[in-house]
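By convention here, the first residue in the shown sequence is residue 1.
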Amino acid sequence: MHFLPEKLDNYVVKHSQAEPKLLQELSRETWQKVLNPRMLSGAFQGRVLSMISKLVQPKSILEIGTYTGYSALCLAEGLSKNGMIHTIDKNEELEELQHKYFQKSAYKNQITQYVGNALDIIPTINTKFDLVFIDADKSNYVNYFHLIIEKMNKGGIILSDNVLWSGKVVEELDPKDIDTKILLEYNSLLNEDNRLETVLLPIRDGLTISRVI
Ligand SMILES: C[S@@+](CC[C@H](N)C(=O)[O-])C[C@H]1O[C@@H](n2cnc3c(N)ncnc32)[C@H](O)[C@@H]1O
């Protein structure tokens, strides 16, 4: 979904940092070999994630929804010295491709991969987070929030992807559409929780940034 007319969108991309070579390679391989390549964050959002991570300089990052590892590598760019990104995906078929690119990167010793359901894995990660990126099944966004909020460091950042859900959040709700229903609940929850300051950015499919006060 383009929020800006295509010409302006192209201008924005042209005047933003270029996509690193390894990520170009990963993107190409994902589009060639993996189902649903549109799930990958892509060049522009990837640079946004990298920039936010560099501003935060996190010691500890949690990513829910690794897919082929593109956004994990973008977020890893901002890790502080000896920092670690924990990234979870339930699809075991993706593990090899993720691992291949993590190993090729400068962050190979700073990435911990988990294969399994994030709802089961998050409680087993015994650390607090400075940055969390939520980008898995929309129907569990509220559940993820409740699992991570007590694990956030003060000043920590929660990034939530696809919060505009191709514009469905402002259309009439189909009662059978669970994902949109949960996203509507989630967007209100983030904005109303007094432990957070939240801004919904109209980047790609909607990216919310919430700061833990
Ligand atoms: C949108 S993709 C993630 C894209 C990735 N963050 C990126 O930007 O390149 C969502 C991923 O979440 C994973 N996923 C869905 N439900 C999950 C769950 N309950 N636990 C862990 N991973 C899950 C899917 O297998 C899929 O790879």
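In this structure, Ala43 and Tyr70 approach most closely via the heavy-atom pair CA-OH, 3.4 Å. The shortest non-hydrogen separation linking Lys138 to Trp165 is CG-CH2, 3.5 Å. Contact between Arg204 and Ser41 at its shortest, heavy atoms only, is NH1-O, 3.1 Å. When every heavy atom of Gly65 is checked against every heavy atom of Ser71, the shortest pair comes out as O-OG, 4.5 Å. Contact detail for Val212 and Asn153: the closest heavy-atom pair is CB-O, 4.0 Å. Minimum heavy-atom separation, Ile64 to Ala118: CG2-CB, 3.5 Å.
Salt bridge Arg47/Glu19: absent, no basic N to carboxylate O contact under 4.0 Å.
At distances below 3.5 Å, not a single donor-acceptor pair connects side-chain atoms of Asp130 with backbone N or O atoms of Pro58. In terms of modelled atom types and a separation under 3.5 Å, the side chain of Thr208 and the main chain of Leu200 share no donor-acceptor contact. Here the side chain of Thr180 pairs no donor or acceptor atom with the backbone of Asp177 at under 3.5 angstrom. Without hydrogens or angle criteria, His15 side chain to Tyr11 main chain gives a donor-acceptor distance under 3.5 Å. Using a distance-only test at 3.5 Å, with no hydrogens or angles considered, a donor-acceptor pair links the side chain of Lys154 to the main chain of Ile213. Checking side-chain atoms of Gln110 against main-chain N and O of Gly83 turns up a donor-acceptor pair under 3.5 Å. Under a 3.5 Å cut-off, the side chain of Ser50 and the backbone N or O of Gly46 do not form any donor-acceptor pair. For Ser166 (side chain) and Lys168 (main-chain N/O), no donor-acceptor pair under 3.5 Å exists by modelled atom type. Between the Thr30 side chain and the Leu26 main chain, a donor and an acceptor come within less than 3.5 Å of each other. The backbone N or O of Lys176 sits less than 3.5 Å from a side-chain atom of Asp174, completing a donor-acceptor pair.
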> Would Ile85 and Leu79 count as a side-chain contact (heavy atoms from CB on, under 4.5 Å) if you check the C-alpha gap in whole Å, the side-chain angles of each, and the deciding distance to 0.1 Å?
Replying inline: CA-CA 8 Å; Ile85 175 165; Leu79 277 171; 4.1 Å; yes

> Can you list the steps and then say if Phe145 with Leu196 is a side-chain contact (heavy atoms from CB on, under 4.5 Å)?
Replying inline: CA-CA 12 Å; Phe145 175 76; Leu196 300 175; 3.7 Å; yes

>> For Glu150 and Arg195: C-alpha separation, side-chain torsions, deciding distance, then whether salt bridge (Lys or Arg N to Asp or Glu O under 4.0 Å) applies.
In response: CA-CA 10 Å; Glu150 295 301 333; Arg195 292 168 291 184; 3.3 Å; yes

> Could you walk me through whether Leu201 and Val199 pass the side-chain contact (heavy atoms from CB on, under 4.5 Å) check?
Replying inline: CA-CA 6 Å; Leu201 304 172; Val199 180; 3.9 Å; yes

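No side-chain heavy atom of Thr87 sits less than 4.5 Å from a side-chain heavy atom of Thr112. Between Leu94 and Asn91, the closest side-chain pair of non-hydrogen atoms falls below 4.5 Å. Glu29 places a side-chain heavy atom less than 4.5 Å from the side chain of Leu97. Side-chain contact between Glu63 and Tyr114 is absent, with no heavy-atom pair separated by less than 4.5 Å. With a 4.5 Å cut-off on side-chain heavy atoms, Leu73 and Ile111 count as touching. In this structure, the side chains of Leu207 and Val48 come closer than 4.5 Å at one or more pairs of heavy atoms. Here the side chains of Lys151 and Leu147 are not in contact, with every heavy-atom distance at 4.5 Å or above. Between Thr66 and Phe102, some side-chain heavy-atom pair lies under the 4.5 Å cut-off.
In this structure, the separation between CD1 on Ile148 and CE on Met152 is 5.5 Å, given to the nearest 0.5 Å. Rounding to the nearest 0.5 Å places CZ of Arg211 at 12.0 Å from CD1 of Ile158. Taking CD1 from Ile121 and CD1 from Ile88, the interatomic distance works out to 5.0 Å, rounded to the nearest 0.5 Å. The distance from atom CD of Glu25 to atom CG of Leu23, rounded to the nearest 0.5 Å, is 9.5 Å. In this structure, CG in Leu164 is found 9.0 Å from CG in Leu183, a value given to the nearest 0.5 Å. The CD atom of Gln57 lies 12.0 Å from the CG atom of Leu131; values are rounded to the nearest 0.5 Å.
Under 3.5 Å, the side chains of Gln113 and Gln98 contain a donor-acceptor pair of N or O atoms. Of the N and O atoms on the side chains of Tyr144 and Asp137, at least one donor lies less than 3.5 Å from an acceptor on the other residue. Under the 3.5 Å distance criterion, with hydrogens and angles disregarded, a donor-acceptor pair is assigned to the side chains of Gln45 and Asp161. Looking at Ser160 and Tyr141, their side chains never bring a donor and an acceptor atom within 3.5 Å of each other.
Evaluation of the side chain to side chain donor-acceptor pair (under 3.5 Å) rule for Glu93 yields no partner, not counting sequence neighbours.
Clustering ILVMFWY residues whenever any of their side-chain heavy atoms sit less than 4.5 angstrom apart, transitively, puts Met84 in a cluster other than the one holding Ile52. At a threshold of 4.5 Å between side-chain heavy atoms, the hydrophobic network of Ile, Leu, Val, Met, Phe, Trp and Tyr places Ile209 and Val12 in one connected group. Hydrophobic clustering (side-chain heavy atoms under 4.5 Å, transitive across Ile, Leu, Val, Met, Phe, Trp, Tyr) keeps Val115 apart from Tyr67. A chain of hydrophobic side-chain contacts below 4.5 Å, direct or via other Ile, Leu, Val, Met, Phe, Trp or Tyr residues, connects Leu22 to Leu40. Linking ILVMFWY side-chain heavy atoms closer than 4.5 Å, directly or via other members, places Tyr107 and Met51 in two distinct hydrophobic clusters.
Residue-environment remark: CE (Met39) exceeds the threshold of 12 foreign heavy atoms within 6.0 Å. Within a 6.0 Å sphere centred on NZ of Lys59, heavy atoms belonging to other residues, nucleotides or ligands number more than 12.
A cation-pi arrangement is found for Lys104 relative to Tyr101, the charged atom lying closer than 6.0 Å to the ring centre and inside a 45° cone about the ring normal.
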